[in-house]
Amino acid sequence: MQLTNTLTMKKEELVPHQPGVIKMYTCGPTVYSYAHIGNLRSYLMEDVLEKALRYEGFQVDRAMNITDVGHLTSDADTGEDKMLKGARREHKSVLELAAFYTNAFFADCEKLNIRRPDTVVPATGCIGDFIQLVSALLDKGFAYQAGGNVYFDTSKLTDYYVFGNQNAEDLAVGVREGVELDGNKRNKTDFVLWFTKSKFEDQELKWESPWGLGYPGWHIECSAISIKNLGEYLDIHCGGIDNAFPHHTNEIAQSEAYLGHPWCKYWFHVLHLNDGGGKISKSKGAKLTVSLLEEKGYNPLVYRLFCLQSHYRKPLVFSFDSLDNAASAYHKLTARVAALAKDGEPDQEAAKPWQEKFQASLANDLNTSLALTALYDMLKSDLSDATKRFLVGDFDRVLSLDLLQAAEKQNAQEPQVPEELAREIEALIEKRAQARKAKDWAAADAIRDELAARHVVLKDTPAGVQWHIEG
RNA sequence: GGUGACAUAGCCAAGCGGUAAGGCAAAGGUCUGCAAAACCUUCAUUCCCCGGUUCAAAUCCGGGUGUCACCUCCA
């Protein structure tokens with residue numbers, strides 16, 4: 001497996017610290033609101049990565065945090081905890097809010113066939129670990145106390161900017177509106193490890209610590225949770241590209257300062273989903289959630305296919321036109337799978353080259369677009385239907401588009417219709433057949449239109465009329 | 001202002017020095033009373049622009065232009 005490593009910006013062969021086992025960490029959601037489909041693009045592509053690694057035969061140990069405390073709207077004095085803000089808005093306690101949106105997040109993931117990581121840990125469940133890590137950083141001289149908070153001292157590092165070639169002089173603090181300088185910081189890039197600031201008195205969740213009653217900074221949780229659950233050597237750290245700086249940069253700073261050796265070798269960043277103007281999270285108007293897609297009549301897996309057609313390292317522009325495009329492609333694809341005969345035994349030998357082709361596509365920096373091409377080419381090939389069905393199921397271990405299940409559903413759609421309705425439809429079809437016999441095309445077409453209005457699609461075949469209900 | 005990425009047909013998109021995959025849409029055909037569905041066929045002499053390296057460049061180098069992102073909300 002070759003992946004583009006953000007640390008080097010090059011495609012590198014993935015060599016895990018422990019042969020055959022991949023330790024993979026994912027920055028989880030801050031559960032203060034519903035995830036939008038841009039957030040979910042990252043989790044979706046990380047899911048594909050995990051499954052592609054398993055397909056290659058790796059064992060994958062994966063952990064993810066749930067940020068339910070400490071993620072401020074800003075790191076400076078004016079910062080407000082996102083969870084607290086959300087709780088106020090919805091008249092819930094912070095923990096109720098977290099539980100609600102954690103469930104909503106995983107419900108969305110399930111609809112997109114995103115596998116839940118083996119280990120999912122809420123930040124509030126690991127406060128002791130954070131305190132231990134912060135204490136160690138203070139002991140080692142990588143942290144200092146000021147104004148009631150504990151800060152990480154970035155000047156103690158020889159190379160703080162691991163992603164790209166930035167330097168402190170050029171770092172413009174406060175370019176963004178609402179961001180203010182924190183006078184307690186010795187260096188512009190220092191960041192908070194533990195807050196006790198009185199400004200946050202209304203913070204609901206606080207814990208005792210050696211530095212007073214307070215709560216952890218945002219960056220510390222990922223380091224602590226990752227090290228605790230996956231060990232001192234991490235193979236792949238995933239997340240959206242916006243997290244590269246400062247979140248991941250800070251994670252590396254504190255983790256390596258704490259461990260005293262290199263921590264994570266490969267950084268896997270998913271680029272953003274944009275709309276015409278810019279990234280989705282900045283869009284105005286209705287928030288693009290999975291539920292919204294469903295309300296508009298899209299199968300969430302259509303969005304999965306849409307993402308798979310593109311590459312994780314490229315910005316992807318979302319539009320409903322493009323989604324319609326994917327919906328059409330999804331429908332055609334499943335119809336094709338549904339048409340495959342079910343009897344016969346797959347020919348494992350003949351299947352092998354196709355599996356290799358599919359795997360090679362994924363091994364090439366997770367080129368899902370090429371992997372889909374392998375699927376299309378395979379369906380076009382002269383393999384037996386049984387072998388094709390076998391390969392569709394095999395590929396779907398990674399693609400997770402429910403290709404066989406959707407095909408099943410298409411085949412089984414008729415019996416799902418209530419008997420009464422079915423009789424009614426059959427009667428109309430019979431009436432249309434009479435009209436057609438009498439060459440009364442106007443009447444026949446009127447019946448077809450009526451059925452179409454009720455989402456009944458007719459299919460005239462030499463063997464007779466077939467029908468199914470769409471949507 | 002600094003940093004980074006990207007630019008390929010109507011749209012999405014692959015391509016990683018050897019002569020432009022795939023999907024959607026569209027057009028023509030088979031089938032049909034007409035449709036729909038299905039199947040067959042067609043669809044980039046050219047890859048943002050200008051130079052350079054090379055026998056050979058969408059691919060490498062230099063310079064432009066444009067788009068997007070990051071620089072303490074974000075996935």
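By convention in this document, chain letters (A, B, ...) are assigned in the order of the sequence lines, proteins followed by strands, and residues within each chain are numbered from 1.
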- Task: Identify, with sequence neighbours excluded, every residue that meets salt bridge (charged side-chain N to carboxylate O under 4.0 Å, His left out) alongside A:E294.
- Result: A:K111
Output yes when [X] and [Y] qualify as a salt bridge under the 4.0 Å nitrogen-oxygen rule, no when they do not.
{"X": "A:R313", "Y": "A:D365", "answer": "no"}
{"X": "A:E12", "Y": "A:K265", "answer": "no"}
{"X": "A:K342", "Y": "A:D385", "answer": "no"}

- Query: Applying the side chain to side chain contact (heavy atoms under 4.5 Å, CB included) test to A:L112, which of A:I37, A:L40, A:D47, A:L293 qualifies?
  - Reply: A:L40
- Test item: A:H272 and A:S42 side chains (from C-beta on) under 4.5 Å apart, heavy atoms: no
- Are any non-hydrogen side-chain atoms of A:E251 and A:S223 less than 4.5 angstrom apart? yes
- Task: Could you tell me whether the side-chain ring of A:Y43 sits stacked on the base of B:A75, using a centroid cut-off under 5.5 Å and a plane angle under 30°?
- Result: no
Every protein N/O lying under 3.5 Å from an N/O of nucleotides 15-19 of chain B:
from, atom 1, to, atom 2, distance (Å)
B:G15, OP1, A:N367, ND2, 2.4
B:C16, N3, A:K11, NZ, 3.0

- Message: Applying the Watson-Crick and G-U wobble criteria at under 3.5 Å, what pairs with B:G33? Answer none if nothing qualifies.
- Response: none
- Those residues that, when tested against A:S310, pass side chain to side chain donor-acceptor pair (under 3.5 Å) (two or more places apart): none
- hbond_proxy A:R448 side chain to B:C34 base (donor-acceptor, 3.5 Å cutoff): yes
- Looking at RNA chain B, which of residues 1-9 of chain A put a heavy atom within less than 4.0 Å of it? A:M9
- Message: Rounding to an integer number of Å, can you tell me how far A:R41 CZ sits from B:A75 P?
- Response: 15 Å
- What's the CG-P distance between A:L379 and B:C39, to the nearest Å? 11 Å
With the criterion being N/O to N/O and under 3.5 Å, what pairs connect the protein with nucleotides 22-25 of chain B, and how long is each?
from, atom 1, to, atom 2, distance (Å)
B:G23, N2, A:N325, ND2, 3.1
B:C24, O4', A:N325, OD1, 3.1
B:C24, O3', A:S328, OG, 3.1
B:C24, O2', A:N325, OD1, 3.3
B:A25, OP1, A:S328, OG, 3.1
B:A25, OP2, A:K332, NZ, 3.0

- Item | ring-ring contact (aromatic ring centres under 6.0 Å, His included) between A:Y151 and A:W194, worked out | CA-CA 7 Å; A:Y151 293 86; A:W194 189 267; over 10 Å; no
- Quick one: which of B:C34, B:A37, B:A75 gets closest to the side chain of A:R432? B:C34
- Query: Of the nucleotides B:A75, B:A35, B:A14, which has the atom closest to the A:H311 side chain?
  - Reply: B:A14
- NZ or CZ of A:R186 within 45° of A:Y144 ring axis and under 6.0 Å: yes
Which pairs, protein N/O on one side and nucleotides 61-63 of chain B N/O on the other, fall under 3.5 Å?
none

